[in-house]
Amino acid sequence: MEPFEFNDEILSQYEPEEFRRGQIVKGVVIGKEDDGVVVDFGGKSEGFVPVNELIKSLDEYKVGENLTLQILNLNYEERSILSERRPVLRKTLEELRKDYEEKKPVKARVVSQTKGGYNVLLKGVVSAFLPGSHSLLRRNDPIPEKEIEVIILEMVQTKRGPRIVVSRRALQDKKIEEFFSEKKVGDIVEGTVKGISNAGVEVEISEGVRGFIPRSELSYDTRISPEDIVKPGQNITAKIIELDKEKKNVILSLKRLMPDPWEKVEEKYPVGKVVNGEVISIHPFGFFVRLEPGVEGLVPRSEVFWGNTRKSLEEVVSAGDLVKVEVINVDKENRKLTLSYKKAKGDPWENIEDRYNVNNVVTGKVTGIIKQGAFVELEEGVEGFVPVSEISWKRIDEPGEILKIGEKVKVKILKIDKENRKITLSIKRTQENPWERALKELETDSIVSGTIKKIVNSGVVVEVEEYDLEGFVPNNHLLSEPETGKVLNLVVLRIDPDEVLGGRMILSEKRYEERKNIEEYKKMVEKESSQKSIGDLLKKNGE
């Protein structure tokens with residue numbers, strides 16, 4: 001005899017009349033467990049809804065929440081099992097059929113991972129399959145806790161029930177195509193900051209659509225870094241400035257939603273106006289000054305100095321300095337301002353005669369040295385030139401033998417050419433002229449000593465230390481082989497006072513030897529003469 005099997009209908013005959021299996025009841029959530037929710041549905045025991053019979057994620061349920069449930073199993077000694085999913089299954093299937101036909105997105109909750117993909121619940125009720133290649137998930141990614149949106153690719157009724165295949169990727173592709181077909185340059189979009197770099201900010205506009213905000217499009221104030229403006233995860237509004245439908249690239253701008261400081265730049269910074277600004281960068285061709293956030297101007301090198309100078313811009317300004325500049329050109333269309341540093345300070349040559357006159361002795365700084373002489377700065381914007389002949393009373397081949405850049409020197413003003421912005425200076429004329437003493441004290445045939453300083457083809461240049469002068473000994477007036485540093489005894493042949501406030505001393509070693517020999521001969525003759533006189537006297541006395 002075969003064993004008797006109890007089915008739901010027979011069992012329901014032995015259950016209390018108020019409840020039966022399959023009955024739809026109202027329940028209240030009274031607790032939550034790891035695998036479901038505990039409910040009070042009015043029965044003699046509490047009820048339990050397993051997680052696979054819920055229509056939402058477990059963490060979305062709250063104690064006290066009302067649910068519509070179907071009784072699956074009655075157990076008056078322990079717990080009855082109920083389902084939230086089954087009462088709405090038929091209605092939901094009808095809704096999903098319509099969504100499938102209209103290709104509308106559907107909410108899905110990933111329940112588990114299976115071979116080739118994932119098991120999901122659509123609208124928390126209907127089971128479906130999400131292929132891994134359509135999931136936008138990597139194999140080792142954790143199962144998403146929140147619901148995702150999918151589109152139904154296939155919906156077929158079988159003996160076991162509906163077979164449904166869904167795709168997350170297809171929905172994303174659909175949204176991408178819709179975005180690029182609907183949006184245009186100038187549209188305003190919302191997005192979430194996904195990445196920040198020195199180059200700019202990456203923004204997720206929608207799933208699969210990302211835009212990029214270049215650093216230059218974040219703010220009109222170039223000092224601000226991307227981190228100062230946005231934070232990861234922040235929701236922002238931006239303007240589309242470039243849209244490439246083929247490459248699916250979107251370039252966005254934040255600053256173009258702000259007031260443009262260049263709109264009123266001509267009114268605010270007219271030509272001729274002197275304004276304050278901050279030096280932000282220095283280059284060989286000039287330096288840039290920020291007048292306000294988003295408005296910067298260039299001070300060309302030609303607008304830094306009055307007259308020619310060898311100074312570097314770094315000697316005048318440093319990054320971060322606050323400076324006064326004059327606006328000399330406004331190009332609103334190309335967003336360019338040209339500024340003048342020197343005009344804001346005033347032209348120092350305008351009233352040069354009030355501060356400097358010919359024969360004045362002043363102090364300046366050596367700013368440049370060339371073979372022809374040296375440049376000396378008297379004040380900022382006023383520079384003079386010392387010809388090589390005016391550097392020293394001695395003859396020099398290179399000004400660098402005596403002067404160094406940056407050295408402070410006393411100079412005498414010889415000439416002022418205001419029209420051409422030139423001043424001729426002299427260093428040597430601030431010192432005593434040694435030639436004046438030499439002309440007074442030395443005559444032809446005077447004897448001096450000199451140290452060989454330089455050997456040239458036609459003779460040697462010697463330094464006459466006693467008079468702090470140089471002299472010249474021609475080759476035909478040398479007796480010994482010349483050596484630098486050798487001290488010679490010399491005779492002055494002549495001093496020519498024809499050079500500019502100076503002179504030229506011609507000396508002879510040969511003449512000195514001749515004079516020496518003559519002197520010795522005279523002494524010998526005198527000695528012999530004296531000895532002869534004494535002999536004659538003795539002889540006479542002897543007689």
Side-chain angles (χ1 to χ4, degrees), residues 185-186 188 193 196-203 211-231 236-242 251-348 380-381:
V185 171
I188 309 300
V193 175
I196 301 174
S197 68
N198 193 48
V201 177
E202 187 177 3
V203 179
F212 185 71
I213 307 174
R215 185 187 180 111
S216 60
E217 290 295 329
L218 288 169
S219 172
Y220 287 108
D221 189 350
T222 56
R223 294 173 298 179
I224 297 178
S225 66
E227 292 82 0
D228 295 328
I229 299 174
V230 295
K231 304 296 179 189
I236 61 171
T237 301
K239 186 175 186 178
I240 299 174
I241 58 173
E242 289 183 32
I251 305 299
L252 305 170
S253 174
L254 281 183
K255 78 177 187 182
R256 299 196 194 189
L257 295 177
M258 309 172 190
D260 186 352
W262 280 86
E263 282 302 315
K264 297 185 178 180
V265 73
E266 291 172 323
E267 300 172 26
K268 199 168 182 181
Y269 304 106
V271 172
K273 185 175 182 178
V274 176
V275 293
N276 294 315
E278 179 189 354
V279 177
I280 56 173
S281 61
I282 303 172
H283 308 271
F285 53 83
F287 60 87
F288 286 93
V289 175
R290 179 184 290 111
L291 304 185
E292 64 174 85
V295 179
E296 298 167 3
L298 172 67
V299 179
R301 183 180 176 88
S302 60
E303 289 298 327
V304 178
F305 305 102
W306 289 104
N308 297 320
T309 182
R310 280 135 301 284
K311 272 188 178 181
S312 67
L313 297 180
E314 286 80 1
E315 292 180 69
V316 180
V317 294
S318 300
D321 284 355
L322 296 177
V323 294
K324 284 186 181 292
V325 289
E326 183 177 319
V327 180
I328 59 175
N329 186 55
V330 180
D331 184 352
K332 180 181 175 181
E333 183 179 349
N334 294 301
R335 305 173 82 88
K336 290 181 180 180
L337 282 176
T338 307
L339 310 170
S340 176
Y341 176 78
K342 68 182 186 181
K343 288 181 180 177
K345 296 197 75 173
D347 186 354
E380 188 174 332

Enquirer: When rounded to the nearest 0.5 angstrom, what distance separates CD1 in Ile241 from OG in Ser253?
Expert: 5.0 Å
Enquirer: Would you give the length of the straight line joining atom CD of Glu217 to atom CZ of Phe212, rounded to the nearest 0.5 angstrom?
Expert: 11.0 Å
Enquirer: Show your reasoning for whether side chain to side chain contact (heavy atoms under 4.5 Å, CB included) applies to Leu252 and Ile240.
Expert: CA-CA 5 Å; Leu252 305 170; Ile240 299 174; 3.8 Å; yes
Enquirer: Hey, mind stepping through Val323 and Val279 against side chain to side chain contact (heavy atoms under 4.5 Å, CB included) and telling me if it holds?
Expert: CA-CA 7 Å; Val323 294; Val279 177; 3.9 Å; yes
Enquirer: Between Ser197 and Pro226, what is the shortest heavy-atom contact and its length?
Expert: O-CG, 3.5 Å
Enquirer: Give the intermediate values and the outcome of side chain to side chain contact (heavy atoms under 4.5 Å, CB included) for residues Leu254 and Val230.
Expert: CA-CA 10 Å; Leu254 281 183; Val230 295; 4.1 Å; yes
Enquirer: Got a donor-acceptor contact below 3.5 angstrom from the Trp262 side chain to the Gly294 backbone?
Expert: yes
Enquirer: Could you give the distance from NZ (Lys231) to CD1 (Ile229), rounded to the nearest 0.5 Å?
Expert: 10.0 Å
Enquirer: Nearest 0.5 Å please: distance from the CG atom of Asp221 over to the CE atom of Met258.
Expert: 10.0 Å
Enquirer: With a 4.5 Å cut-off on side-chain heavy atoms, are Glu303 and Val325 touching?
Expert: no
Enquirer: For the residue pair Ile236 and Ile213, establish whether any side-chain heavy-atom pair is separated by less than 4.5 Å.
Expert: yes
Enquirer: If you measure from CG on Asn276 to CG on Leu322, what distance do you get to the nearest 0.5 Å?
Expert: 7.5 Å
Enquirer: For a quick test of reading the model, state the closest non-hydrogen atom pair linking Trp306 to Lys342 and the distance between them.
Expert: NE1-O, 3.1 Å
Enquirer: Determine the minimum heavy-atom distance between Val304 and Pro300, stating which atoms define it.
Expert: CG2-O, 3.4 Å
Enquirer: Identify each donor-acceptor pair in which a side-chain atom of residues 282-289 lies under 3.5 Å from a protein atom, sequence neighbours left out, and give them as a table.
Expert:
unit_1: His283; atom_1: NE2; unit_2: Ser281; atom_2: OG; d: 3.1

Enquirer: List the atom of Pro261, the atom of Pro293, and the distance in Å for their closest heavy-atom pair.
Expert: CG-O, 3.8 Å
Enquirer: Kindly state each residue pair satisfying salt bridge (Lys or Arg N to Asp or Glu O under 4.0 Å) with at least one member in residues 318-338, sequence neighbours excluded.
Expert: Asp260-Arg335
Enquirer: Between Lys343 (side chain) and Val274 (backbone), is there a donor-acceptor pair under 3.5 Å?
Expert: no
Enquirer: Side chain to side chain contact (heavy atoms under 4.5 Å, CB included), that's the test. Do Leu337 and Val295 meet it? Break it down for me.
Expert: CA-CA 8 Å; Leu337 282 176; Val295 179; 3.7 Å; yes
Enquirer: Find the distance between CZ (Arg290) and CD (Glu296) and round it off to the nearest 0.5 Å.
Expert: 5.0 Å
Enquirer: Grab the two heavy atoms, one from Val327 and one from Tyr269, that are nearest each other, plus how far apart they are.
Expert: CG1-O, 3.6 Å
Enquirer: For residues 267-277, pull every pair meeting salt bridge (Lys or Arg N to Asp or Glu O under 4.0 Å), keeping only residues two or more places apart or in separate chains.
Expert: Lys268-Glu292
